[in-house]
Amino acid sequence: MKPLVIEQVVKQYGEKIAVNSLSFEVSEGEIYGLLGANGAGKTTTMRMILGLIMPDRGEIRYFGKSYGSEQLRMMGYLPEERGLYPKLKVSDQLIYLGQLRGMSRAEADRSLREWLGRFQVEDYYNRRVEELSKGNQQKIQFIAAVIHRPKILILDEAFSGLDPVNVELLKSAVKELRDQGISMVFSTHRMEHVEELCRNITILDRSRTMLQGSLRDIKRKFPRERVVLETEGEVHGLESLPDIRSVRRTETGYEIFIAREDAAQNILRHAMAQAPVRRFELMEPTLNEIFIKTVGERNE
Amino acid sequence: MNSLWTVMAFTLRNKLRSKAYIWTTVTIALLLMVGANLPYILERLNAGGSNEPKPVGYIEGAYPEIVQGLEAFFARQENPAIRLVAIPSGGSPQADEAALRQAVEDEMVKGYLTFADRPETGFPEVVFHSSSLTNFSLADSLRVGLESVKAEMVFRNVQLSEAERALLAAPVAVHTLLVSSDGEGGRTAADQAVVMALTYALIILLFMAVTITGQLVATEITAEKSSRVMEILITSVKPLTQMFGKILGTFFAGIIQIVVLVAVFVISLLMPHNRGALDALGIRLDAVEPQLLAYAIFFYLAGYFLYATLFAAIGSIVSRTEELGQATTPVMILSMVGFYIAIFSLQNPKSPLVVIGSYFPFFTPFLMFERIGLADPQAWEIALSIGILLASILLFGWLAAKIYRVGVLMYGKRPSIKELVKAMKAYKV
């Protein structure tokens, strides 16, 4: 039984449709990517999964059951807008949040200490949140979402506002939770994180599902249109080759956008004739490119 | 139930540990302690001087019959308020006046008497020139003394028995007793004064407790919303549980504060040295019926919950604490209207305004309490107003819960009532 099944869910605010018959499933130990521009319906979808809003039509099932107070306790939520009690001690509020989700005081305390240890910030136990740096507040916020060992975790912009070191730290924590079998719905604007973490994704645009499926299949559907070329010397006349869209000089060589995949072989031959080639690669489309193609073009 | 308890305990614990809470409690407790001991302190400060007769001057030789009569009158009293001091005459009226003024300036006397003939009555007009406008008690003593002198002058020529004289001299006493509907003995005027003072104090206390703790509830909810911790809270526990946990937690924090303050006040009043001071003022604390206190507690509870649910609902729709003051104004005005009607009609608790207002649930805690304390309403009237009050608590609690449910999810501009209703429909609450 899938931990989370969203089936034909529709949500309407008055005239405006926020989510239009959205369906997806999240397996055990899977991080599901929910992507979309601002206002695409991600937050509404997450709020429906969290039971804050009831869908107008369709159904959301948690391990086969519909929403109830049991479900409330097995879910964890890292909201996009972060917030904790600024004046309270880390221990006080996190133990409180753990208790609210059905843990005993001692359990919550143990879980909190484990997590603080994992992030190597044990000494924050007695500190007030307002005294911590932003990055460290984010760690505490993350702990707030997972302290009660949820089975379903909703991560909205999980790594925003973090420095690269802390991003890696939280990312490894997320992966560890995934390997423990926790199912996650993951929303972000950072496509490289999705590529690294998610197997399946949905791209929403203005309430509609634009793209859905496994990341690999989606990528296959999009033609490879970018060639990275690095040579010992200069290469002239790339622009005049057939089916070339544009050529951009980079620090190390050239980035060439092509209209058809066959054009790539032409480029290689052309370059080899002029200088020794150090690197030639016909790049897979990045999720970033796919996203912009699907969502962005119409916005322009 | 379990999470209601958790929310309540969390709210209460944070409240009790907050510096603002501790300092307000300590400061008000100190003020109350001073206030309760004030009669005693004043008495001590005045000791020595207060019971001495105050010197009042007159020109030697002026209206000897009256002056001697007054002296005799004060001499007969156990604790005379006034002692007459003769000032030597300067010869002319101007010089006399100057000499008397000089005596006041030198603080020889507190004031002086001048006389002017009034042939039509045969008794001169007496003017008491006082060093201070507030010497009411001196003027009173003088009036009583002069009336006695006048009576003496009249009755000197009339044959009266001792009994008749005593009857004439005895002051007339009027005691007011409050008629009670249950037919039992009413209260005396002094008891009535104590009850009125108590009613007054309890209405103020009720108003303060309701508005301050109500505001606290609203502030806390808005703070949770503006710090965005709300997003996590509402996904951890049902909004309804959360709202009532918050209301109850703040309520207990308020109750603890009030219990501490009242205990400090009552203990200070009951100290042996204060007993005497209170008795001297004719205040008997046991004049207060226990039912009145029971009603006070009931109306405090009911009033608090009625207003707190409204404050919670408002707190939930405001996104930033800066906007909260403006948003709570209508509720504040509502409570203030009830409060001021109660305060201004304290002397007239049977006025139609009070009677009608006491059935309006937002005024009931103030006005019905006032009526019970001072006007002895019928049992059915009390029952009816309490019934309406309880029904409104349920109604507004239910409504507030609905508003709260959608309010906490709405950020940005404060929603209008129309937008709220729309959101309620959309969220299916």
Side-chain angles (χ1 to χ4, degrees), chain A residues 11-16 18 43-44 46-56 68-69 71-89 92-105 108 129-130 137 141 143-145 147-148 150 152-154 156, chain B residues 1-21 220-242 245-246 249 319 321 404-412 415 418-419 421-429:
Chain A
K11 182 77 223 175
Q12 215 167 333
Y13 295 124
E15 293 296 294
K16 195 177 159 276
T43 303
T44 305
M46 290 186 175
R47 283 182 167 183
M48 284 192 287
I49 296 173
L50 289 161
L52 297 175
I53 311 172
M54 294 295 132
D56 294 337
S69 52
Q71 278 66 45
L72 200 61
R73 292 194 163 172
M74 68 164 78
M75 279 191 283
Y77 179 37
L78 182 66
E80 179 178 4
E81 301 269 4
R82 304 302 146 80
L84 292 165
Y85 294 99
K87 304 266 175 212
L88 289 189
K89 277 197 258 175
D92 282 341
Q93 52 187 314
L94 289 199
I95 290 171
Y96 173 57
L97 292 173
Q99 282 180 301
L100 283 184
R101 276 115 159 214
M103 289 182 116
S104 75
R105 213 184 154 70
V129 166
E130 61 182 358
Q137 288 187 13
Q141 189 88 46
I143 298 176
I147 185 167
H148 59 300
I152 300 169
L153 190 55
I154 314 289
D156 200 351
Chain B
M1 205 58 219
N2 208 353
S3 35
L4 180 71
W5 174 256
T6 311
V7 177
M8 200 188 81
F10 180 76
T11 310
L12 181 58
R13 200 173 53 231
N14 289 327
K15 196 93 273 155
L16 294 185
R17 273 197 279 181
S18 87
K19 287 201 183 71
Y21 179 86
E220 294 228 334
I221 290 171
T222 306
E224 280 177 353
K225 219 182 138 184
S226 74
S227 74
R228 302 273 175 167
V229 79
M230 191 59 104
E231 302 237 346
I232 305 178
L233 293 178
I234 47 179
T235 54
S236 311
V237 57
K238 292 204 185 80
L240 198 68
T241 313
Q242 194 194 342
K246 187 117 268 178
S319 301
T321 32
Y404 188 90
R405 182 78 175 69
V406 294
V408 291
L409 289 173
M410 299 176 88
Y411 279 97
K418 216 172 116 192
E419 286 168 317
V421 172
K422 220 164 110 187
M424 279 182 201
K425 279 191 192 137
Y427 291 0
K428 300 222 165 34
V429 292

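Side chains are part of it too, since the values below use all heavy atoms of this structure and drop only hydrogens, waters and symmetry mates.
Of the residues considered (B/Ser18, B/Ser226, B/Ser227), B/Ser227 shows the highest number of contacts with chain A, using heavy-atom pairs under 4.5 Å. The residue among B/Ile232, B/Val237, B/Thr235 with the most heavy atom pairs within less than 4.5 Å of chain A is B/Thr235.
How far CE of A/Met48 is from NZ of A/Lys11: 7.0 Å, rounded to the nearest 0.5 Å.
Residues passing the side chain to side chain contact (heavy atoms under 4.5 Å, CB included) test with B/Glu220 are B/Thr11, B/Lys15, B/Lys246, sequence neighbours excluded. With sequence neighbours excluded, the residues forming a side chain to side chain contact (heavy atoms under 4.5 Å, CB included) with A/Met103 are A/Glu107, A/Ala108, A/Ser111, A/His148, A/Arg149, listed by chain and number.
Heavy atoms of A/Leu88 lying under 4.5 Å from chain B belong exclusively to its side chain. Residue B/Gln242 does not touch chain A at all, counting heavy-atom pairs closer than 4.5 Å.
We find that A/Asp92 and B/Arg17 are joined by a salt bridge, their nearest charged nitrogen and carboxylate oxygen being less than 4.0 Å apart.
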